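Not measured: the values here are computed from a predicted model. Side chains included, hydrogens not; waters and symmetry mates left out as well; all remaining heavy atoms used.
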Amino acid sequence: MTPRTSVPDAAPTGLLSGFTGEVHVPGDPGYDEARTVFNSMIDRRPAVVAQCASEADVTMALAFARDQELEVAVRGGGHSVAGMALSEGGLVVDLRRMHAVDVDPGAGTARVGGGAVMSDLDRATQPHALATTGGRVSTTGVGGFTLGGGSGWLERKFGLTCDNLLAADVVTADGAPVHTSAYENPELFWALHGGGGNFGVVTSLTLQLHELPEMSIVMLLFRPENGPEAVRAYRDVLESAPDAAGGGCIYITGPPEEWVPEPLVGHLVCAVLLTYAGPRAEARDVAAPLLALDHEAEIVDTIPYADLQCMLDDPPGMRNYWSAEYLDGFPDEAAAAFCAGAATLPVPTNCQHVLFPLGGAVARGPADNPLPWRSCPWAVHPFGVWEDEADDERVREWVRTVRAGMMPWANGAVYLNFIGREGQERVMAGFGEEAYERLARVKARYDPDNVFHLNHNVKPAVARV
């Protein structure tokens, strides 16, 4: 069945009956705000945006979409680089009103609404000196981030966010509410550990929290000619560092911050960030080989985890194009290739050329989850963020060039939250063949008509005769 791309004028009135949230259609005063996502390259016009305030609202919205034969998109944080939170001419199940976070300090858990973003979670847990692995951007939606795996600063210490998923409430394509955990609907629960939004609308998640009394950072800036030495030194430090250490090497345009020397502002710099889930003195000891290098600026300090999460925020209204490669190793030749990729980084822009370490609790996590990249020790993430439309092809070409340069060390697996629409082969690479087949069987049970397909899609398995 081909989804319709418009609805009769009177149709949204039917959705309003008993609906406790808000409904926006083209022409409404709030419609343009309701359809705007962070990536300004995405400009889609849904027929209906159903801003749900409850699980019952989600059920009503899905029923309305079925009745009107509308394509369905699901919006949590709206931070998919490909704009998967929007449907052209369809219906958006918008969860942003469902953003409550309830922390149980005694149990060390948080129940998180499906529309919450990272700052909602981090600000709620911080007063209790608790945290779980979150995205590196405060505006990322907790739901989509977790369902895709969940990679962040704390992953080497506490595992991926999906490793900390204890339970979830899901509304399936037929409008049925389903509670899932390791003991209830366990196969669906398994699929939510990296399988994305393929199986229904996740209206709440229960996450394991961990004690985090202190968070520290060591941030160093290097001139680009000193970048290769800094990158190699960071690699050597992280390969023997405790799990509390994380961070990354990030080539960026020098920002106009007080701590950045004026000659570096607006020019290419190599930033080395060591994050540390512990005291500043321990962070300094781990970073000693880096601090001994010739650098231009430094910060060594404790920082509230929720503030760290905002430090590299992707500002709204910018144009975005990202990708990633996961590596089996990072020898000197790979480090040289990574640094060479910075030579064509568009400057000055908000683009970031990033090297992330994995290992630690990530590598020790459940091997059967649909995340074939968790065993990789390093990831390279060209993160294109810019303002001028005239730079579109320039940035895309830079991202493609970086990926090509890392291919000799690439594993082939990829974290799907880090990429846009790169074809079905890349989707398969994000899950692995065996896991994809298992996900397809789960999909066939909970979404046999592939209602939820505006994602890194898993197609329902065809029943064998």
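In summary, the side chains of Arg111 and Ser204 do present a donor paired with an acceptor at a separation below 3.5 Å, with no hydrogens or angles considered. In this structure, a donor-acceptor pair under 3.5 Å is absent between the side chains of Gln126 and His128. Asp104 and Thr109 are not linked by any side-chain donor-acceptor pair at a separation below 3.5 angstrom, with hydrogens and angles left out of the test. Thr20 and Asp57 share a side-chain donor-acceptor pair at under 3.5 Å. If you check the side chains of His24 and Glu33, you find no donor sitting under 3.5 Å from an acceptor. Donor-acceptor pairing under 3.5 Å is lacking for the side chains of Gln309 and Ser138.
Looking at heavy atoms from C-beta onward, Val137 lies out of side-chain contact with Met118 at the 4.5 angstrom threshold. At least one side-chain heavy atom of Leu355 sits under 4.5 Å from a side-chain heavy atom of Val231. Side-chain contact between Leu62 and Val201 is present, with heavy atoms from C-beta onward closer than 4.5 Å. Within the 4.5 Å cutoff, the side chain of Val399 has no heavy atoms near those of the Thr401 side chain. Glu155 has its side chain out of reach of Asp163: every pair of non-hydrogen atoms, C-beta onward, lies at least 4.5 Å apart. Looking at heavy atoms from C-beta onward, Val395 lies in side-chain contact with Trp386 at the 4.5 angstrom threshold. Proximity of Met406 to Leu327: side-chain heavy atoms (C-beta onward) are separated by under 4.5 Å at one or more points. Arg426 has its side chain within reach of Ser323: a pair of non-hydrogen atoms, C-beta onward, lies under 4.5 Å apart.
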(request) Step by step, work out the salt bridge (charged side-chain N to carboxylate O under 4.0 Å, His left out) result for Asp32 and Arg35. (result) CA-CA 5 Å; Asp32 282 333; Arg35 72 180 184 90; 2.9 Å; yes

(request) Report the C-alpha separation of Arg44 and Glu88 in whole Å, then their side-chain angles, then the decisive distance to 0.1 Å, and conclude whether the salt bridge (charged side-chain N to carboxylate O under 4.0 Å, His left out) test is met. (result) CA-CA 5 Å; Arg44 298 188 187 130; Glu88 183 66 44; 5.5 Å; no

(request) Report the C-alpha separation of Lys459 and Asp447 in whole Å, then their side-chain angles, then the decisive distance to 0.1 Å, and conclude whether the salt bridge (charged side-chain N to carboxylate O under 4.0 Å, His left out) test is met. (result) CA-CA 9 Å; Lys459 295 177 173 55; Asp447 185 18; over 6 Å; no

(request) Show your reasoning for whether salt bridge (charged side-chain N to carboxylate O under 4.0 Å, His left out) applies to Glu393 and Arg400. (result) CA-CA 10 Å; Glu393 187 50 38; Arg400 290 190 288 262; 2.3 Å; yes

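For Asp307 and Arg123, the salt-bridge test passes: some basic side-chain N is under 4.0 Å from an acidic carboxylate O. Salt bridge status for Glu22 with Arg96: absent, with no side-chain N to carboxylate O gap under 4.0 Å.
Thr161 places a side-chain N or O within 3.5 Å of a backbone atom of Thr133 that can act as its donor or acceptor partner. With Ser80 contributing its side chain and Ala85 its backbone, the two residues share no donor-acceptor pair below 3.5 Å. Of the possible polar contacts, none joining the Asn369 side chain to the Leu371 backbone as a donor-acceptor pair under 3.5 Å is found. Judged by distance alone, with hydrogens and angles left aside, the side-chain atoms of His456 form no donor-acceptor pair with the main-chain N or O of Gly195 at under 3.5 Å. At least one donor-acceptor pair under 3.5 Å links the side chain of Arg156 to the backbone N or O of Pro242.
The cationic atom of Arg136 (NZ for Lys, CZ for Arg) lies less than 6.0 Å from the six-membered ring centre of Trp153 and within 45° of the ring axis.
Annotation: Phe418 is not in aromatic contact with Trp322 [ring centroid separation under 6.0 Å not met]. If you look at Tyr415 and His381, their ring centroids are not closer than 6.0 Å.
Closest approach of Val237 and Val286 over heavy atoms only: CG1-O, 3.5 Å.
The SG atom of Cys270 lies 9.0 Å from the NE2 atom of His353; values are rounded to the nearest 0.5 Å.
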Let me check something: any side-chain donor-acceptor pairs from residues 207-222 under 3.5 Å, sequence neighbours excluded? List them with distances.
unit_1, atom_1, unit_2, atom_2, d
Gln208, NE2, Gly108, O, 3.0
His210, NE2, Asn164, OD1, 2.7
Ser216, OG, Gly278, O, 2.7
Ser216, OG, Arg280, N, 3.1

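For residues 185-198, the pairs satisfying salt bridge (charged side-chain N to carboxylate O under 4.0 Å, His left out) are Glu187-Arg438, with sequence neighbours left out.
Checking Phe431, Trp378, Phe356, Tyr326 one by one against Trp373, the ring pair (Phe, Tyr, Trp, His ring centres under 6.0 Å) holds for a single residue, Tyr326.
Applying the ring-ring contact (aromatic ring centres under 6.0 Å, His included) rule to Phe199 yields no partners; only residues at least two apart in sequence or on another chain are considered.
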